[in-house]
Participant: 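Starting off with a structure, shown below.
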Amino acid sequence: GAFPKILVTDIKRFPLPALIDSTLEEDISTHSAEAVARRVNDSSADIDDLLRKIDKAVYKMFGLSDEEEKMIRDQLSEIEGLNPLRTSTA
């Protein structure tokens, strides 16, 4: 199927949190840097654990409920094969 087209105007309307908790920001930054470092050293390195931690921090940053998180995870699991970063579907 076709991929949705995202325009600059769509991005400008995207609801970003006004304030980001510094701890969450640090977690996302740290986990992202570690994931990149692992892949630089080994392009097939398993970074799923770090991606899950990043996902969880982003969910928390947006104040999502457990039900909303599950809905997102379910939707993503349907398209997980399209994500070149993930090595498993755990």
Side-chain angles (χ1 to χ4, degrees):
F3 288 98
K5 188 175 187 180
I6 300 174
L7 304 173
V8 172
T9 54
D10 297 327
I11 294 170
K12 288 180 179 179
R13 290 191 317 250
F14 193 79
L16 294 174
L19 296 173
I20 298 174
D21 180 283
S22 61
T23 302
L24 290 175
E25 185 178 4
E26 181 65 28
D27 287 348
I28 293 169
S29 178
T30 300
H31 298 319
S32 298
E34 185 175 342
V36 168
R38 282 188 195 177
R39 284 287 172 94
V40 164
N41 292 327
D42 177 1
S43 64
S44 63
D46 183 359
I47 60 170
D48 291 349
D49 60 323
L50 295 169
L51 295 177
R52 279 190 292 278
K53 289 176 183 179
I54 293 166
D55 290 347
K56 194 70 173 168
V58 170
Y59 298 152
K60 190 172 182 178
M61 181 175 68
F62 280 92
L64 300 180
S65 67
D66 290 341
E67 183 177 315
E68 290 167 323
E69 289 180 29
K70 184 182 180 321
M71 285 174 32
I72 292 170
R73 284 192 309 273
D74 290 348
Q75 287 293 312
L76 290 175
S77 70
E78 292 179 16
I79 60 170
E80 205 58 50
L82 300 175
N83 187 341
L85 296 177
R86 303 250 187 215
T87 55
S88 72
T89 57

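None of the values given here were measured: they were computed from a predicted structure.
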Participant: Partners of D74 by salt bridge (Lys or Arg N to Asp or Glu O under 4.0 Å), sequence neighbours excluded?
Facilitator: K70
Participant: Treating Ile, Leu, Val, Met, Phe, Trp and Tyr as nodes and any side-chain heavy-atom pair under 4.5 angstrom as an edge, say whether M71 and Y59 lie in one connected cluster.
Facilitator: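 Per the 4.5 Å side-chain linkage, M71 and Y59 are not co-clustered.
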Participant: Could you identify which residues cluster with V36, counting Ile, Leu, Val, Met, Phe, Trp and Tyr as linked when any side-chain heavy atoms lie under 4.5 Å apart, either directly or through a chain of such contacts?
Facilitator: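 V40, which link up through side-chain heavy atoms under 4.5 Å apart, make up the rest of the cluster.
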Participant: Check salt bridge (Lys or Arg N to Asp or Glu O under 4.0 Å) between E34 and all other residues, then give those that pass, not counting sequence neighbours.
Facilitator: R38
Participant: Only counting residues at least two apart or in another chain, list the ones meeting salt bridge (Lys or Arg N to Asp or Glu O under 4.0 Å) with D66.
Facilitator: none
Participant: When Ile, Leu, Val, Met, Phe, Trp and Tyr are grouped by side-chain heavy atoms lying under 4.5 Å apart, directly or through other members, which residues fall in the same group as I11?
Facilitator: I6
Participant: Working to the nearest 0.5 angstrom, can you tell me the gap between I28 CD1 and E25 CD?
Facilitator: 8.0 Å
Participant: Nearest 0.5 angstrom please: K53 NZ to D48 CG, how far?
Facilitator: 12.0 Å
Participant: Mind checking salt bridge (Lys or Arg N to Asp or Glu O under 4.0 Å) for K60 and listing every partner two or more places apart, or none if nothing turns up?
Facilitator: none
Participant: Residues two or more places apart in sequence or in another chain: which of them pass side chain to side chain contact (heavy atoms under 4.5 Å, CB included) with S43?
Facilitator: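 Scan of S43 (side chain to side chain contact (heavy atoms under 4.5 Å, CB included), adjacent residues dropped) gives none.
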Participant: Applying side-chain hydrogen bond (donor to acceptor under 3.5 Å, both in side chains), name anything that partners S32, two or more places apart in sequence or on another chain.
Facilitator: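 Partners of S32 by the side-chain hydrogen bond (donor to acceptor under 3.5 Å, both in side chains) criterion come out as none, since no residue qualifies.
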Participant: Do D10 and R13 pass the salt bridge (Lys or Arg N to Asp or Glu O under 4.0 Å) test, and can you show the C-alpha distance, the side-chain angles, and the key distance before you say yes or no?
Facilitator: CA-CA 5 Å; D10 297 327; R13 290 191 317 250; 3.1 Å; yes
Participant: Restricting to side-chain hydrogen bond (donor to acceptor under 3.5 Å, both in side chains), what partner residues turn up for S65, sequence neighbours left out?
Facilitator: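 E68.
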Participant: Got a second to check how far D27's CG is from L50's CG, nearest 0.5 Å?
Facilitator: 11.5 Å
Participant: Out of curiosity, K56 NZ to M61 CE, how far, rounded to the nearest 0.5 Å?
Facilitator: 14.0 Å
